[in-house]
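FYI, side chains are in, hydrogens and waters are out, and symmetry mates aren't considered; it's all heavy atoms of this structure. Start at 1 and go down the list; that is how both ligands and their atoms are numbered.
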Amino acid sequence: MRDCIVIGAGAAGLSAGLTLARARRTTLVVDAGRQSNLPAATIGGLLGHDGQPPAEYYAAGRAELAGYPSAELSEDEVTQAARQGDGTYAVTLAGGRREDARTLLLTPGADYRYPQIPGLAERWGGDVFHCPFCHAWETRDRPTAVLAAGAVGVHGALTMRAYTDDLTLLTNGTELTGTERDQLAAGGVKCDERPLAALDGAGTRLSTVTFADGTGLAVTAMLVKAFLHQRSSLARDLGATVTGSDEHLGVEAIAVDRMFRTGVPGLFAAGDAATSVPPSLAAAVASGYLAGASAAVHIAAGPAGQVTPTRG
Ligand SMILES: Cc1cc2nc3c(=O)[nH]c(=O)nc-3n(C[C@H](O)[C@H](O)[C@H](O)COP(=O)(O)OP(=O)(O)OC[C@H]3O[C@@H](n4cnc5c(N)ncnc54)[C@H](O)[C@@H]3O)c2cc1C
């Protein structure tokens with residue numbers, strides 16, 4: 001019986017695992033190794049790690065965790081998790097292993113969904129990205145498109161205007177209102193409402209967007225509105241509440257309180273899977289830290305924590 005099992009070792013799970021390990025709580029961190037930002041060449045906007053390749057960042061986090069005897073990191077995937085009659089948790093790993101713990105902390109990240117336009121997926125995380133604060137500095141002053149519709153598109157385009165004078169909002173077939181067109185014109189943003197057919201360029205670079213009518217527009221960077229969804233049914237299976245996707249942020253998140261408790265006793269969640277703010281590594285690190293601390297406090301307050309402290 002461990003004190004905690006953390007599902008996922010991205011920024012949130014590694015941060016939670018580190019906090020629990022330093023609290024001398026026996027912790028198993030299970031990770032399938034598919035952190036969201038791995039397709040990106042570098043990290044943008046994380047203090048102390050700006051410009052670092054994501055894989056290096058995660059390797060450093062894993063190395064820090066490995067320094068603590070109470071933590072174990074397993075490269076595997078949790079396929080099932082259940083709360084048992086006595087309030088403890090049982091998880092099954094894809095490799096067939098079964099593990100039990102007093103608490104469970106969900107940090108599986110999110111499934112970022114974007115329009116299924118041919119050529120987009122290959123450029124995702126490079127010239128095509130979802131977050132201006134993460135990657136637009138690297139593409140500054142280039143001919144750029146924003147792919148989104150409605151108020152979200154206008155808002156995204158006006159934000160991107162800080163980075164380039166050559167900016168076009170592409171709505172992919174959705175009509176803008178007169179007010180929206182006026183706002184864009186006032187901000188010096190061009191717009192094109194025609195449906196898109198493809199994104200093209202050499203290798204994974206972007207050089208052109210092609211419209212359904214066959215004509216093209218030369219752009220070498222693109223901001224795309226992405227929607228975040230749960231990566232699996234784990235949270236719902238465990239009885240946690242998952243909130244619906246709101247239009248603006250577009251996140252489908254596990255509901256948590258300020259200490260990252262889900263409402264199911266002993267079940268915590270953090271990172272992209274439980275975010276109600278725009279996703280970022282900084283927010284994932286912070287929420288993972290707080291969720292880990294919250295789980296440690298919960299363990300200490302429970303009968304098992306008081307009577308038989310486990311010390312790793
Ligand atoms: C392309 C891209 C680029 C980005 N660039 C930046 C940037 O430059 N700066 C920034 O601040 N933010 C950036 N972000 C956002 C940032 O990556 C996320 O906010 C952050 O990674 C969230 O951390 P997390 O730990 O919640 O999830 P993740 O980093 O996604 O990690 C979750 C981990 O859990 C694992 N997992 C999932 N389910 C299971 C399971 N059942 N069993 C075991 N393991 C499981 C996954 O495989 C993964 O390794 C970017 C996002 C994307 C999509």
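The side chain to side chain contact (heavy atoms under 4.5 Å, CB included) test with N37 singles out one residue from C134, C131, P54, P279, and that residue is P54. Applying the side chain to side chain contact (heavy atoms under 4.5 Å, CB included) test between T27 and each of L20, L65, T19 identifies L20 as the sole match. When T164, D166, L206, L217 are each tested for a side chain to side chain contact (heavy atoms under 4.5 Å, CB included) with P143, only one passes: D166. Evaluated for a side chain to side chain contact (heavy atoms under 4.5 Å, CB included) with L106, the options I5, L238, V6 yield exactly one hit, L238.
Of all the heavy atoms of L281, the ones lying under 4.0 Å from any atom of ligand 1 are found in both the backbone and the side chain. Counting heavy atoms under 4.0 Å from ligand 1, residue W124 touches it through the side chain alone. Here T107 has backbone heavy atoms under 4.0 Å from ligand 1, and that is the only part of it that gets that close. The part of A284 lying near ligand 1 is the side chain, judged by heavy-atom distances below 4.0 Å.
Near G271, meaning under 4.0 Å from any of its heavy atoms, are these atoms of ligand 1: 26 (O). Of all atoms in ligand 1, numbered sequentially from 1 with element shown, those under 4.0 Å from a heavy atom of I43 are 8 (O). Taking every heavy atom of R231 and a limit of under 4.0 angstrom, the matching atoms of ligand 1 come to 30 (O), 32 (C), 46 (C), 48 (C). Of all atoms in ligand 1, numbered sequentially from 1 with element shown, those under 4.0 Å from a heavy atom of A32 are 43 (C), 44 (N), 45 (C), 47 (O). Residue-ligand proximity, G8 to ligand 1, at heavy-atom distances under 4.0 Å covers atoms 33 (C), 34 (O), 35 (C), 44 (N). Of all atoms in ligand 1, numbered sequentially from 1 with element shown, those under 4.0 Å from a heavy atom of H130 are 50 (C), 51 (C), 52 (C). Per-residue contacts place Y112 under 4.0 angstrom from the following atoms of ligand 1 (heavy atoms of the residue considered): 15 (C), 18 (C), 19 (O), 51 (C), 53 (C). Near G109, the atoms of ligand 1 lying under 4.0 angstrom from a non-hydrogen atom of the residue are 26 (O), 27 (O), 30 (O), 32 (C).
The ring of Y163 has its center no closer than 6.0 angstrom to the ring center of W137. Taking the six-membered ring where the residue is Trp, the centroids of Y112 and H130 are separated by under 6.0 Å.
With D31, I7, N37 as candidates, the residue nearest to atom 2 (C) of ligand 1 on a non-hydrogen basis is N37. The option with the heavy atom closest to atom 9 (N) of ligand 1, from among G44, A16, S36, is G44. Relative to atom 26 (O) of ligand 1, the option among D272, T79, V277 with the closest non-hydrogen atom is D272. For the residues A226, C134, A273, the heavy atom positioned nearest atom 13 (C) of ligand 1 is part of C134.
Counted by atom type alone, D3 and T26 present one or more donor-acceptor pairs between their side chains at under 3.5 Å. If you check the side chains of T220 and R142, you find a donor sitting under 3.5 Å from an acceptor.
Protein heavy atom at the shortest distance from atom 47 (O) of ligand 1 is R34 N, 2.9 Å. Scanning all protein heavy atoms for the shortest distance to atom 31 (O) of ligand 1 gives G10 CA, 3.4 Å. Atom 25 (O) of ligand 1 has as its closest protein heavy atom A12 N, 3.0 Å. The nearest heavy-atom contact from the protein to atom 38 (N) of ligand 1 is P108 CB, 3.5 Å. Nearest to atom 5 (N) of ligand 1 among the protein's heavy atoms is H135 NE2, 2.8 Å.
Grouping the Ile, Leu, Val, Met, Phe, Trp and Tyr side chains by contacts below 4.5 angstrom, directly or via other members, places L158 with M160. Cluster annotation: L267 and I254 are assigned to the same hydrophobic cluster (Ile/Leu/Val/Met/Phe/Trp/Tyr, side-chain heavy-atom contacts under 4.5 Å, transitive). When hydrophobic clusters are built by joining Ile, Leu, Val, Met, Phe, Trp and Tyr residues whose side-chain heavy atoms come closer than 4.5 Å, directly or via intermediates, V29 is not grouped with V78.
Ligand 1 does not have L46 within reach: every non-hydrogen atom of the residue lies 4.0 Å or more from it. The shortest heavy-atom distance from G45 to ligand 1 is not under 4.0 Å. For L234, the heavy-atom gap to ligand 1 drops under 4.0 angstrom. Residue contact check for ligand 1: D76 places a non-hydrogen atom closer than 4.0 Å to it. Contact analysis leaves C131 out of contact with ligand 1, as no non-hydrogen atom separation drops below 4.0 angstrom.
Proximity of L120 to L147: side-chain heavy atoms (C-beta onward) are separated by under 4.5 Å at one or more points.
Between V78 and ligand 1, an N or O atom pair is found at a separation short of 3.5 Å. Polar contact check, A11 against ligand 1: a nitrogen or oxygen pair lies under 3.5 Å apart.
Annotation: E75, atom CD; neighbour count of heavy atoms from other residues, nucleotides and ligands within 6.0 Å does not exceed 12. Within 6.0 Å of CD in Q80 there are 12 or fewer heavy atoms belonging to other residues, nucleotides or ligands.
Using bins of under 30°, 30° to 60° and over 60° for the plane-to-plane angle, the ring pair F268/H298 lands in the perpendicular bin.
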T215/R194 under side chain to side chain donor-acceptor pair (under 3.5 Å): CA gap, chis, key distance, verdict: CA-CA 10 Å; T215 59; R194 289 177 291 166; 2.7 Å; yes

